[in-house]
Amino acid sequence: VGVDNGVGGININVISDFSNRAGSGADYYLMALGYHDRAPNIKTGGYALWSGTSFSAPTITGAVALLAQAFPNLKGADIVSILFQSADDLGAPGTDAIYGHGRLNLARAFQPIGATSMADSQQPVSTSYNGGLPGAAGDAGAQGSLGAVILDGYSRAFVLNLARTLREAPKDRPLTRALQTDVQVASAAAGPVSVAMTVSQRHGLRGFELERLGIGPEDARRARLVAGSAVARLGDKTAVAFGFAEGAKAMERRLNGAEAGAFLIARDVVGEPGFAAKRNGSMAFRQEFAGTGITFSGETGSVWQDQDDRTNAFGSPYRWANVALDRRFGSSWVSAGIGRLEEKQTLLGGRMGNALGGGGSKTLFLDVEGRHDFGNGWSAALTARHGWTDFAAGKFQTSAYGFDLTKSALFSDNDKLGLRLSQPLRVESGGFAMLLPTAYDYATLTATTSLSRFSLTPSGRELDAELSYGSSILDGNGWIGGNLFARRQPGHIADEKNDIGAAVRLALTF
């Protein structure tokens with residue numbers, strides 16, 4: 001039944017005086033605009049504004065005809081059900097004795113209703129969210145199209161751009177992350193064995209409580225172990241290292257002596273698995289042969305995300321294994337390593353829904369480092385990473401680069417100035433390559449599938465620059481440091497505003 005629901009053209013959400021109320025027929029009642037409808041005037045040959053249920057009723061009839069034309073599989077009862085479900089609720093919540101099911105909403109009637117699935121299978125698919133992109137892909141989801149035909153609860157076919165259902169990785173807040181730890185570092189050595197521990201006294205950080213750290217009973221009650229490591233020299237050419245909450249690359253560098261530099265923002269591009277990670281444990285074993293060192297290392301951990309912006313990828317486990325060769329040539333040192341990253345549920349820290357392959361991924365990384373000591377406290381380093389990632393729905397390649405320049409003893413014997421330029425890991429080519437339903441035949445109720453591709457390359461390229469300075473003060477009883485940084489196109493998003501900032505840190509020992 002179509003009735004007018006306008007009042008003086010002022011509030012279209014209130015039923016008109018001349019319209020019947022739903023009454024006992026509320027379950028079969030639908031409203032449509034019947035006040036000041038623009039329709040032909042046969043007397044003047046032009047148009048006029050008309051009011052009455054005689055104009056709201058054909059509006060609903062037209063809606064029925066449009067649905068029947070667009071979706072030939074629908075039966076009459078299906079069309080009525082769709083119109084009722086998609087109506088705008090008016091009056092009392094739900095079906096009521098005045099407005100029945102509410103007001104006709106034709107636009108909503110032409111949107112999917114009920115559970116949705118791929119047209120060529122019964123694989124459930126969401127119309128709003130089907131996964132989260134890795135940080136290396138930036139805003140790739142907004143850059144292209146990955147179309148697929150889906151069916152709703154009435155077996156109506158719709159085209160869905162799956163790319164628009166991929167969420168960008170949470171925005172990185174590197175300065176906040178770098179400064180949120182209030183830590184103490186302690187170390188000790190006994191013969192060939194050295195142990196180091198980093199302890200936080202902030203309440204919000206997770207970890208293991210320490211009972212006896214020698215830092216006072218109240219401090220010990222609040223303390224949390226952030227990270228720890230142990231290095232054992234088994235001989236002149238053999239060493240092993242174990243780490244808690246530290247990565248395999250950190251353990252490897254403890255053994256080969258390559259220092260990564262103290263920077264807050266610009267990342268060590270080969271020091272992470274390609275995303276922010278919470279390390280569980282790591283180990284490294286190093287052996288030298290005729291001046292060449294070989295290091296085997298590995299770590300386990302999980303995807304980490306800020307507490308305020310977590311996705312379903314948070315806490316997903318990963319494993320990392322690496323082998324690296326290094327050698328010194330006079331004042332130069334070079335290293336090349338191959339690493340394998342295995343993620344059980346994620347894609348470089350992102351996570352795809354089942355409609356986009358689901359599951360995990362495997363990545364092979366090639367890392368190259370080179371360092372040179374120019375003398376007089378000057379040194380430089382180059383790092384590069386290239387990755388090949390395979391996952392259920394496709395494959396892609398990534399890269400990251402970094403350059404460091406440092407000067408020790410700039411103003412005193414105990415200070416250091418550093419400059420780092422880096423590009424975080426970024427997808428350079430490749431992406432999805434899937435067989436997806438791209439057409440649907442209502443006559444046979446079957447879908448046609450074809451190979452669909454979608455690039456995961458983002459619109460921008462993040463470049464980070466950071467200047468760092470640190471010096472011990474008060475005869476070694478204190479330390480002061482400062483950092484200036486600038487991030488161009490953060491998150492590899494071309495339209496993202498540049499991130500520029502500074503930090504000053506002071507530590508005193510009493």
Restricting to non-hydrogen atoms, name the atom on [X] and the atom on [Y] that form the minimum distance, rounded to 0.1 Å.
X	Y	value
L264	A503	CD1-CB, 3.9 Å
L506	I480	CD1-CB, 4.1 Å
T389	S361	CG2-CB, 4.2 Å
A447	P437	CB-CB, 4.0 Å
V269	A400	CB-CB, 3.8 Å
V125	I150	CG1-CG2, 3.7 Å

Could you give me the CA-CA distance, side-chain angles and deciding distance for N483 and I265, then say whether side chain to side chain contact (heavy atoms under 4.5 Å, CB included) is met?
CA-CA 9 Å; N483 298 71; I265 306 303; over 6 Å; no

Measuring from [X]:[atom1] to [Y]:[atom2], what's the distance to the nearest 0.5 Å?
X	Y	atom1	atom2	answer
S297	M251	OG	CE	10.0 Å
L146	S455	CG	OG	11.5 Å
L417	F411	CG	CZ	7.5 Å
F374	S379	CZ	OG	8.0 Å
S399	L366	OG	CG	12.0 Å
T127	L162	OG1	CG	10.5 Å

Would you say [X]'s side chain and [Y]'s backbone share a donor-acceptor pair under 3.5 angstrom?
X	Y	result
Q489	R461	yes
S316	V303	no
E369	V334	no
S459	A494	yes
R164	G144	yes
N354	G358	no
D139	I493	no
R167	G141	no
N322	F296	no
H492	L425	yes

Please examine the side chains of [Y] and [X], heavy atoms only from C-beta on, and report whether any two atoms are closer than 4.5 Å.
X	Y	value
W378	L405	yes
R319	K344	yes
L255	V231	yes
P170	Q305	yes
D152	F158	yes
L364	L341	no
D464	F263	no
R253	V270	yes

Side chain to side chain contact (heavy atoms under 4.5 Å, CB included), that's the test. Do W479 and R505 meet it? Break it down for me.
CA-CA 8 Å; W479 178 87; R505 293 172 291 163; 3.7 Å; yes

In this structure, are over 12 heavy atoms from other groups packed under 6.0 Å from [X] atom [atom1]?
X	atom1	value
I338	CD1	no
K407	NZ	yes
R108	CZ	yes
N498	CG	yes

Apply side chain to side chain contact (heavy atoms under 4.5 Å, CB included) to L348 and T363, showing your working.
CA-CA 8 Å; L348 287 186; T363 302; 3.9 Å; yes

Quick one: do [X] and [Y] make a salt bridge, cutoff under 4.0 Å?
X	Y	value
E252	R254	no
E299	R279	yes
R328	D373	no
D367	R385	yes
R267	E462	no
D404	R420	yes

I'd like to know whether R487 forms a side chain to side chain contact (heavy atoms under 4.5 Å, CB included) with L463, so could you lay out the CA-CA distance, the side-chain angles of the two residues, the decisive distance to 0.1 Å, and finally the verdict.
CA-CA 6 Å; R487 300 169 65 213; L463 296 176; over 6 Å; no

F275 ring center within less than 6.0 Å of Y318 ring center
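Yes: the rings meet the under 6.0 Å criterion.
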
Are the aromatic ring centres of F432 and F391 under 6.0 angstrom apart?
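They qualify: ring centres under 6.0 Å apart.
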
Do we see a donor-acceptor contact under 3.5 Å between the side chains of [X] and [Y]?
X	Y	value
D326	S335	no
S126	S128	yes
T346	R351	no
Q123	S117	no

Pair N130, T165 - check side chain to side chain donor-acceptor pair (under 3.5 Å), show working.
CA-CA 5 Å; N130 286 294; T165 68; 3.0 Å; yes

Would you call the rings of W320 and F365 parallel, tilted or perpendicular if under 30° counts as parallel and over 60° as perpendicular?
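Tilted, since the angle between the ring planes falls between 30° and 60°.
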
